[in-house]
Amino acid sequence: MACLAIDGQVVRHQPSLADLLEKFVCVRVVQANGIDLSLCQFDYDLTWAVLFLNADRTIYGRYGTRASRELAKEISVEGFRKAMEGALDLHKNYPAIKETLAGKTGPAPQVKVPEAYPMLRKVGYTATVSSRNPAGGNPGACIHCHQINNNVYRSYRGVSTPIPDHVLWAYPPPNVLGLELDVNERATVKAVAPGSPAAKDGFKAGDQILTLGGQAILSIADVQWVLHQSKKEPDQLNAGVKRSGVLESLTLHLAKGWRKQGDFSWRACNGIISLLPEGSHDLTADEKKKLGLSPDAIAIQVLWNGRGFQKNDVIVEVDGQRNGMTTSDFIAYTVQKKKPKEKIALAVLRAGQEHTMQVEVREAPIE
Amino acid sequence: MQLPPLQLVLLLVLLAADPASAAPAAQTQEHNRQLQQSLNDSHVHSSWIYNDVDAGFAEAKKTGKPLLVVFR
């Protein structure tokens, strides 16, 4: 189990959180076997995720965000504490507010429990984990949360159907709309990117987002939940914000293709579909310039040896295309435009020379 | 058919004493304790319910507290 500082502080009831933790019934779930997927819906690629609930299974909110390879950049003890306070406020006003929380429960999942996914069932995962050998072979091994996403991917790839944008660019972080939220608050705007959709919609630094799409917001994860559920493009969401103590109503516009500004290349679930499973780096504009490439050029640096790549190869052409493709776009291209085992023609820069190569699109293997 | 009061009491006593009716919860608890040990996840405060969301809901109903579920 990887070390995560916030986890230790929470489960040990450190003084900074103990007074609030005592007001909850606290449950720790260490494997996904048997969890009710109609209830337990959150970003399954997270290392640490929290649900706040009523005893009648109504969800108050979520906590836990990750938007890059860095583990704990978007979470903090302070932010978590404020989310807990928010959940307690909602609990105090329950059941009067019950109807307003309906959107916090997601749509029916593909399967009721993770082990019901055909591939997981086939290799012997079960509802219970063997306490003798939880990490060992099946049956009896722990199902990791990211394996749920793996199997969502498989449900499309197995029938040669393109994986939709909202599945690949799942749980969009608010910065794709130009909103940088303060990790030490519930959902307070720290900065708004100039010219971004959020800037055009009138958001300002210091705004506290209290509601979005009609849902009470306790955390950045709650903002992501609302964005994740918004699958229509274009779309718009009402936002209730507190600005200098005054309540304001704003409209957040989601233009066509808005979620594709994000980066999903960090996700563990990509391991089964990506041609670059061991890591890659999208070169910055400066790094591209040094190689004589334009700012819009494809320039994906491969960080390992394998599949015909050599470490530090830079992919500069994909099926004849030389512009406008990040690692996320490249992964999406392989699972939206190509079928398993089809070939992709690439050009890579290797030690200053351009080489061409063909790589085969992956099938999603059994774990 | 209604049971005579004494038989009803006896039936209730027998049901309460039946080790099989209490066994699943105890087994789950013991299993989760072993799981916690094998995962070396030993620093968890004693008040936490380990790996049993249903037990958490039951406790939340009993106490009137909200539930906080950490997925790790």
Side-chain angles (χ1 to χ4, degrees), chain A residues 1-2 4 6-8 10-14 18 20-36 39-40 42 44 46-60 63-64 80 83-84 87-88 90-92 94 128-136 142 145, chain B residues 1-3 5 7-72:
Chain A
M1 185 170 292
L4 191 69
I6 192 170
D7 182 55
V10 171
V11 298
R12 285 192 182 101
H13 280 219
Q14 293 283 311
L20 292 182
L21 286 166
E22 281 161 14
K23 295 177 179 169
F24 289 89
V25 170
C26 297
V27 180
R28 180 167 180 81
V29 177
V30 291
Q31 36 84 10
N33 307 55
I35 66 169
D36 175 357
L39 180 73
C40 302
F42 53 90
Y44 299 124
L46 293 180
T47 310
W48 198 77
V50 177
L51 281 180
F52 301 109
L53 303 123
N54 184 278
D56 71 2
R57 304 169 85 86
T58 298
I59 295 171
Y60 291 136
Y63 189 83
F80 181 58
M84 282 199 289
L88 289 169
L90 294 178
H91 188 65
K92 213 182 292 170
Y94 199 84
T128 51
V129 176
S130 162
S131 52
R132 286 191 198 89
N133 186 23
C142 285
C145 287
Chain B
M1 185 187 78
Q2 270 194 330
L3 287 170
Q7 280 188 41
L8 184 62
V9 169
L10 185 62
L11 188 63
L12 291 173
V13 168
L14 286 173
L15 274 175
D18 178 9
S21 64
Q27 276 173 6
T28 305
Q29 220 171 20
E30 175 55 18
H31 177 272
N32 285 334
R33 195 192 59 75
Q34 287 177 13
L35 180 66
Q36 184 175 1
Q37 222 167 31
S38 61
L39 289 170
N40 202 16
D41 194 21
S42 54
H43 54 293
V44 181
H45 191 271
S46 59
S47 64
W48 283 66
I49 294 170
Y50 202 76
N51 216 36
D52 191 343
V53 178
D54 289 337
F57 278 118
E59 183 67 11
K61 267 189 192 140
K62 204 165 79 183
T63 59
K65 289 180 179 180
L67 211 65
L68 183 159
V69 186
V70 168
F71 295 87
R72 177 73 173 110

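Excluded from the calculations below are hydrogen atoms, water molecules and symmetry mates; all remaining heavy atoms, backbone and side chain alike, are included. These numbers were taken from a predicted model, which means no experiment stands behind them. Sequence lines set the chain letters: A, B, ... in the order given, protein chains first and strands last, and positions in each chain run from 1.
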Visitor: If you round to the nearest 0.5 Å, how far is OH of A/Tyr63 from CG of B/Leu68?
Guide: 12.0 Å
Visitor: Is there a donor-acceptor pair under 3.5 Å between the side chain of A/Lys23 and the backbone N or O of B/Pro66?
Guide: no
Visitor: So which part of A/Leu88 gets closer than 4.5 Å to some heavy atom of chain B, the side chain, the backbone, both or neither?
Guide: side chain
Visitor: If you count heavy-atom pairs under 4.5 Å between each of B/Asn32, B/Val70, B/Val53 and chain A, which one has the most?
Guide: B/Val70
Visitor: Measure up the B/Trp48 and A/His13 rings against each other and bin them: parallel (under 30°), tilted (30 to 60°), perpendicular (over 60°).
Guide: perpendicular
Visitor: Quick one: does any side-chain atom of A/His91 pair with a main-chain N or O of B/Leu67 as donor and acceptor, under 3.5 Å?
Guide: no
Visitor: Tell me, for A/Phe42 versus chain B, whether the close heavy atoms (under 4.5 Å) come from the side chain, the backbone, both or neither.
Guide: side chain
Visitor: Kindly write out the residues that satisfy salt bridge (charged side-chain N to carboxylate O under 4.0 Å, His left out) with A/Arg57, not counting sequence neighbours, or none if the list is empty.
Guide: A/Asp36
Visitor: Taking the side chain as every heavy atom from C-beta outward, state whether B/Phe57 and A/Leu39 have any pair of such atoms under 4.5 Å apart.
Guide: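 With C-beta onward as the side chain, the pair touches.
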Visitor: Less than 4.5 Å apart, side chain to side chain, heavy atoms only: is that true for B/Tyr50 and A/Arg28?
Guide: yes
Visitor: Would you list the pairs meeting salt bridge (charged side-chain N to carboxylate O under 4.0 Å, His left out) in which at least one residue belongs to residues 45-61 of chain B, sequence neighbours left out?
Guide: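 Only B/Glu59-B/Lys62 qualify under salt bridge (charged side-chain N to carboxylate O under 4.0 Å, His left out).
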Visitor: Is it the backbone or the side chain of A/Leu46 that comes under 4.5 Å from a heavy atom of chain B, or both, or neither?
Guide: neither
Visitor: To the nearest 0.5 Å, what is the distance between CZ (B/Arg72) and CG (A/Leu4)?
Guide: 5.0 Å
Visitor: At what distance, to the nearest 0.5 angstrom, does CZ of B/Phe71 lie from SG of A/Cys145?
Guide: 7.0 Å
Visitor: If you count heavy-atom pairs under 4.5 Å between each of A/Ala18, A/Ala55, A/Cys26, A/Gly64 and chain B, which one has the most?
Guide: A/Cys26
Visitor: With a 4.5 angstrom heavy-atom cut-off, is it the side chain or the backbone of A/Phe80 that approaches chain B, or both, or neither?
Guide: side chain
Visitor: Got B/Leu35 and A/Gln31 here, is their nearest side-chain heavy-atom distance under 4.5 Å?
Guide: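 They are in side-chain contact.
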